[in-house]
Amino acid sequence: MMILVIKSKSVDAITCEEALTRLMPGQLFLTSEAFLPISPCCLAVANINAGSTTTSICRSLCRRFQQATSGLGVSPDKAKELSQLCGVSTTVAIDPTINCDS
């Protein structure tokens, strides 16, 4: 029996829970225990960015990232640096000080 799996080229929307789960490889960096993010963390940042396809998704992710920075011990400064260190220009900032509605 042969099973053929075809991966769609379109990017599906991402939920807040999926985004946080995908960022788990970056936990050591985001909690200030590591100097630089590891490649699986950067891959997650790129995938989350690709899944941020609508304004509504971006705003929801922004709010969830803000909650995570305060609730999970994430360093706000490390969160702000993440996309730059990964070389990803993101549509959603991981920054607890920005206005998610703008």
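Excluded from the calculations below are hydrogen atoms, water molecules and symmetry mates; all remaining heavy atoms, backbone and side chain alike, are included. What you see is a predicted model; the values in this text were computed from it and never measured.
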Taking [Y]'s backbone N and O only, do any of them form a donor-acceptor pair with [X]'s side chain (distance below 3.5 Å, no angle check)?
X	Y	result
Arg59	Asp101	yes
Lys78	Ala34	yes
Gln66	Ile98	yes

Locate the shortest heavy-atom distance separating Ala79 from Val74; write the atom from each residue and the value. CB-CG1, 4.0 Å
Restricting to non-hydrogen atoms, name the atom on Phe35 and the atom on Phe29 that form the minimum distance, rounded to 0.1 Å. O-CE1, 3.4 Å
To the nearest 0.5 angstrom, please state how far the [atom1] atom of [X] sits from the [atom2] atom of [Y].
X	Y	atom1	atom2	result
Cys41	Arg22	SG	CZ	13.0 Å
Glu18	Leu23	CD	CG	12.0 Å
Ile48	Thr90	CD1	OG1	10.0 Å
Leu85	Lys80	CG	NZ	14.0 Å
Leu61	Ser56	CG	OG	9.5 Å
Ile38	Leu43	CD1	CG	10.5 Å

Side chains of Thr15 and Ser60: closer than 4.5 Å at any heavy-atom pair? no
Between Leu82 and Cys86, is there a side-chain heavy-atom distance shorter than 4.5 Å? yes
Could you check Thr53, Thr54, Asn49, Thr55 and say which one makes a side chain to side chain donor-acceptor pair (under 3.5 Å) with Thr91? Asn49
Using only the SG atoms, decide whether Cys100 and Cys62 are less than 2.5 Å apart. yes
